[in-house]
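Because only heavy atoms are used, hydrogens play no part in the values below, and waters and symmetry mates are left out as well, while side chains stay in.
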Amino acid sequence: MCQHKPPCPSAVSADRESARLVAHHPEQGWSLLCNGVVLFEDTGELLPDGQVIAPHRPVGAGLITAA
């Protein structure tokens, strides 16, 4: 369980991605959060119960316009 004060959001809460990093492996493209969530660089997630959250990039993230 989380030892931080205030405690990190749980893996089932809407703000689960704001939990503190426990392990960070940018060379492999993933990070482990304090609440047990594995966060992938493509914004996908793997929850501690095995549930997969599909990547959820912001709408229009790939659209860049130059002046």
Considering residues at least two apart in sequence or located in another chain, which fulfil the side-chain hydrogen bond (donor to acceptor under 3.5 Å, both in side chains) criterion with E17? H56

Quick one: which residue pairs count as a salt bridge (charged side-chain N to carboxylate O under 4.0 Å, His left out) with a foot in residues 27-46, not counting sequence neighbours? R16-E45

Using ring pair (Phe, Tyr, Trp, His ring centres under 6.0 Å) as the criterion, list what pairs up with H4, not counting sequence neighbours. none

Which donor-acceptor pairs under 3.5 Å do side chains of residues 46-53 form with protein atoms, sequence neighbours excluded?
| residue | atom | partner | partner atom | Å |
| --- | --- | --- | --- | --- |
| D49 | OD1 | Q51 | N | 2.9 |

Could you note down all residue pairs passing ring-ring contact (aromatic ring centres under 6.0 Å, His included) where residues 5-24 supplies at least one of them, sequence neighbours left out? none

With sequence neighbours excluded, give me every ring-ring contact (aromatic ring centres under 6.0 Å, His included) pair touching residues 29-54. H25-W30

What heavy-atom pair brings C34 and A19 nearest, and what distance separates the two atoms? N-CB, 4.3 Å

By side-chain hydrogen bond (donor to acceptor under 3.5 Å, both in side chains), D15 pairs with (sequence neighbours left out) S13

Within the structure provided, determine whether L21 and L33 are in side-chain contact (heavy-atom separation under 4.5 Å). yes

Looking at CD of Q3 and SG of C8, how far apart are the two atoms once the value is rounded to the nearest 0.5 Å? 10.5 Å

